[in-house]
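The next block holds one structure in the form of structure tokens; read it before the comments.
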Amino acid sequence: THSIRQIIKAQENNQLVIFVGAGVSKNSAVPGWSELIRIFADKLNYCQDDSGRMTGTYTQEEMLRIPEYYFHKDTSENHADYYRLIQETLCCDSGSNPVDDIIFRILPHHIITTNYDSLLEASSMVNVRLYAVVRQDSDLLSQTGDRYLIKMHGDLNLPQSIVLKESDYLEYEQRHPLISTFIRSLLVNHTF
């Protein structure tokens, strides 16, 4: 009950940040990270052991390097095949789910998500209109308002903003300095 009181107090003081991961989108049947990586691995005929078998369980390194390898093998213009595979795999027609709605009912100061989909933005809750969606650094400069929905790993509708492969993570601070700094500043005086 102590934790619940802290969350309520943070919400009342406009210092609550809700962090949304893939589990929330799974409620709308969006494939998770490992499922996406499995599709990349299948396209690459990636084998995990000497016998040529694919076990379907990947190490953390493999989860980052498989999409990196696919990206570099992709010879389509501007890596269109790489981004198309991500979009087609994670496209969701089922709409937002009750957890998305509950997040907006709680009315946190900010929402940060690693999800690329638009399920949060599609919530039927009226509170969704209070949040400016931040998909890339320039949005922090151009959006007005006091509440942000920060898509820290990008958006399916802006494929080049997607953070998935190893180099995306290694270069995150350089490619997304404003989002990175903003999130770090929230860690100082907000409750996540």
Side-chain angles (χ1 to χ4, degrees), residues 1-37 57-60 63-64 86 89-158 161-164 168-169 172-173 175-192:
T1 60
H2 176 69
S3 296
I4 292 172
R5 282 194 297 268
Q6 282 185 306
I7 291 170
I8 291 169
K9 183 179 177 189
Q11 193 277 340
E12 289 171 349
N13 293 331
N14 213 23
Q15 292 178 319
L16 180 64
V17 175
I18 293 184
F19 192 92
V20 179
V24 173
S25 291
K26 289 237 353 133
N27 291 322
S28 293
V30 174
W33 188 28
S34 61
E35 294 163 279
L36 176 60
I37 301 306
T57 305
Y58 304 105
T59 65
Q60 189 73 26
M63 299 281 274
L64 297 172
I86 295 169
T89 302
L90 301 180
C91 179
C92 177
D93 297 326
S94 61
S96 65
N97 63 69
V99 178
D100 295 312
D101 296 340
I102 289 169
I103 291 166
F104 287 105
R105 190 174 303 131
I106 293 170
L107 197 63
H109 189 200
H110 300 294
I111 301 165
I112 301 173
T113 183
T114 54
N115 299 342
Y116 314 125
D117 59 65
S118 298
L119 294 172
L120 279 165
E121 299 98 288
S123 170
S124 61
M125 295 297 296
V126 69
N127 289 348
V128 75
R129 291 184 239 149
L130 299 173
Y131 293 83
V133 179
V134 175
R135 295 172 177 91
Q136 53 193 357
D137 273 21
S138 60
D139 293 338
L140 275 174
L141 299 173
S142 63
Q143 298 285 4
T144 57
D146 185 42
R147 298 178 185 277
Y148 294 121
L149 166 56
I150 301 170
K151 301 184 83 167
M152 71 178 287
H153 283 180
D155 187 294
L156 283 178
N157 297 318
L158 277 172
S161 70
I162 290 175
V163 175
L164 175 64
D168 296 333
Y169 285 95
Y172 190 85
E173 297 279 326
R175 289 187 181 177
H176 309 282
L178 296 179
I179 290 174
S180 180
T181 301
F182 185 74
I183 291 172
R184 274 191 265 121
S185 74
L186 294 176
L187 289 167
V188 173
N189 61 2
H190 282 70
T191 300
F192 277 66

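A quick note: this is a predicted structure, and the numbers were derived from the prediction, not measured. Heads up: numbering here begins at 1 and tracks the sequence. Heavy-atom basis, side chains included; hydrogens, waters and symmetry copies ignored.
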Checklist entry - Do the non-hydrogen side-chain atoms of Tyr116 and Val30 ever get within less than 4.5 Å of each other? => result no

Checklist entry - Is there a side-chain contact between Leu120 and Ser96, using heavy atoms and a 4.5 Å cut-off? => result no

Item to check | Under 3.5 Å donor-acceptor, Asp100 side chain and Ser123 backbone | outcome: no

Next on the checklist: Tell me if the CD1 atom of Ile4 is crowded by more than 12 foreign heavy atoms within 6.0 Å.
Outcome noted: no

Checklist entry - Ile37 and Leu164: side-chain contact (heavy atoms from CB on, under 4.5 Å), yes or no, with the steps? => result CA-CA 9 Å; Ile37 301 306; Leu164 175 64; 4.1 Å; yes

Next on the checklist: Counting the benzene-type ring for Trp, do His176 and Phe182 have ring centres under 6.0 Å apart?
Outcome noted: no

Next on the checklist: Please verify the inter-ring angle class for His109 with His190; under 30° counts as parallel, over 60° as perpendicular, anything in between as tilted.
Outcome noted: parallel

Checklist entry - Going through the distances and angles, do Leu140 and Tyr148 end up as a side-chain contact (heavy atoms from CB on, under 4.5 Å)? => result CA-CA 9 Å; Leu140 275 174; Tyr148 294 121; 4.0 Å; yes

Item to check | For Leu186, the option from Thr191, Thr181, Ile112 that meets side-chain contact (heavy atoms from CB on, under 4.5 Å) | outcome: Ile112

Checklist entry - Does the Lys151 side chain pair with the main chain of Ile162, one donor and one acceptor, at a distance under 3.5 Å? => result no

Checklist entry - Going through the distances and angles, do Glu173 and Ser180 end up as a side-chain hydrogen bond (donor to acceptor under 3.5 Å, both in side chains)? => result CA-CA 6 Å; Glu173 297 279 326; Ser180 180; 2.8 Å; yes

Next on the checklist: Between His110 and Phe192, does the ring-ring contact (aromatic ring centres under 6.0 Å, His included) criterion hold? Intermediate values first, please.
Outcome noted: CA-CA 9 Å; His110 300 294; Phe192 277 66; 9.3 Å; no

Item to check | Check against side-chain contact (heavy atoms from CB on, under 4.5 Å), Tyr131 and Leu107 | outcome: CA-CA 10 Å; Tyr131 293 83; Leu107 197 63; 3.8 Å; yes

Checklist entry - Is the shortest distance from a Lys or Arg side-chain nitrogen in Arg175 or Asp168 to a carboxylate oxygen in the other one below 4.0 Å? => result yes

